[in-house]
Amino acid sequence: MKTYAIVGNQYEGVYTKPWSQVQKFTQTKPAPKYKGFTSQAAAEKWFAEQTGAGTNQAHHYETIYNGHIQPLRDHYYLFTDGGSRNTGNHRGSHVQASDLAAWAIALFKGTDMQTPTYTAKKAYHGRTNNDMELAALIMALNVAQDLSQPVTIVSDSKYVLDTVTDWMYSWQANGWQKASGPIANLAGWQTVFELMQSLQEKVSFIWVKGHATSRGNQLVDQLLNQAMDNLD
């Protein structure tokens, strides 16, 4: 019987029950990460890595639903966000050339989580939301390379965090292919993979709920919307 592991909601754990019984535990909001395995040992290994019991902090992320991060003094916190305004589009349709999109990052040092030491933002036409989330991550990793102390990257994007901590390593091992079809934003994820090779011991990740009570998350959302408002 397959074994299932769930991370990131109130049903977090390893299950040897049939999928028909486990599936309901994965249908929460926000959505958790989950996988099926052919052995319980493999499921427990993945679960340990994702929840921080593993040795590499870059291969899992902490989930903070209320956005209340307990900052460490000798630490940096990089908040990232990306977004788009698909005005007039319908669900499932393509991004239009006139649509606005932007990314933003904000860097905080130590226990001061109110005043950023650095911010950056940029807007475009005709780019997707996920593309912008990824662009923000790439910018954050480039900033992290120049910092001397540990860095935690904080995002409200499950797409970004699931991929940077897990999926991209499988894609790379399989020759940058996945069974379900082409990899969206492939070049960007290859860039992230290369950047992470030198950041494994320095970078960790946190997921926060978007537009919650996190000052940093609220700030990057404001910054990217300012960038879109000011785009010529």
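Heavy atoms only: backbone and side chains are in, while hydrogens, waters and symmetry mates are out. Along the sequence shown, residues are numbered consecutively beginning with 1. Bear in mind that the values here come from a model prediction, so they are computed numbers and not experimental data.
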Original post:
For the atom pair OG (S170) and NZ (K35), what is the distance rounded to the nearest 0.5 Å?
Top reply: 4.5 Å
**OP:** Measure from NZ or CZ of K2 to the centre of the six-membered ring of W19, then state whether that distance is under 6.0 Å and the direction lies within 45° of the axis.
**Re:** no
**OP:** Please test F37 against Y4 for ring pair (Phe, Tyr, Trp, His ring centres under 6.0 Å), starting from the C-alpha separation and ending with a verdict.
**Re:** CA-CA 6 Å; F37 299 86; Y4 301 93; 8.6 Å; no
Original post:
Within a reach of under 6.0 Å around CD of Q27, are more than 12 heavy atoms found that belong to other residues, nucleotides or ligands?
Top reply: yes
Subject >> Validation row: I69, F79 side chains within 4.5 angstrom (heavy atoms) >> reply: yes
Original post:
Can you find a side-chain donor-acceptor pair between D162 and Y61 that sits under 3.5 Å?
Top reply: yes
**OP:** Any chance you could lay out the ring pair (Phe, Tyr, Trp, His ring centres under 6.0 Å) test for Y169 and F193, step after step, and finish with the verdict?
**Re:** CA-CA 8 Å; Y169 295 99; F193 183 86; 5.7 Å; yes
Original post:
Any side-chain donor paired with an acceptor under 3.5 Å for T28 and N9?
Top reply: yes
Subject >> Residue pair L231 / H125, side-chain heavy-atom distance below 4.5 Å >> reply: yes
Original post:
With a cut-off of 6.0 Å (strictly less than), are more than 12 heavy atoms of other residues, nucleotides or ligands near NZ of K209?
Top reply: no
Original post:
Would you find a donor on one side and an acceptor on the other, under 3.5 Å apart, between the side chain of Q21 and the backbone of K17?
Top reply: no
Original post:
Can you find a side-chain donor-acceptor pair between Q40 and E44 that sits under 3.5 Å?
Top reply: yes
Subject >> Nearest-0.5 Å distance that lies between atom CD in E62 and atom CD1 in I206 >> reply: 4.5 Å
Original post:
Quick check: are there more than 12 heavy atoms from other residues, nucleotides or ligands sitting under 6.0 Å from NZ of K122?
Top reply: no
Can you give each donor-acceptor pair under 3.5 Å made by side-chain atoms of residues 137-146, sequence neighbours left out, with the distance rounded to 0.1 Å?
residue : atom : partner : partner atom : Å
N142    : ND2  : I138    : O            : 3.0

**OP:** Could you tell me whether the side chains of N185 and Y159 share a donor-acceptor contact shorter than 3.5 Å?
**Re:** yes
Original post:
Looking at residues at least two apart in the chain, or sitting in another chain, which of them share a side-chain hydrogen bond (donor to acceptor under 3.5 Å, both in side chains) with T152?
Top reply: H75, S204
**OP:** With the side chain counted from C-beta on, respond yes when R127 and V95 share a heavy-atom pair under 4.5 Å apart, and no when they do not.
**Re:** no
Subject >> Min side-chain heavy-atom separation K109-Q149 under 4.5 Å >> reply: yes
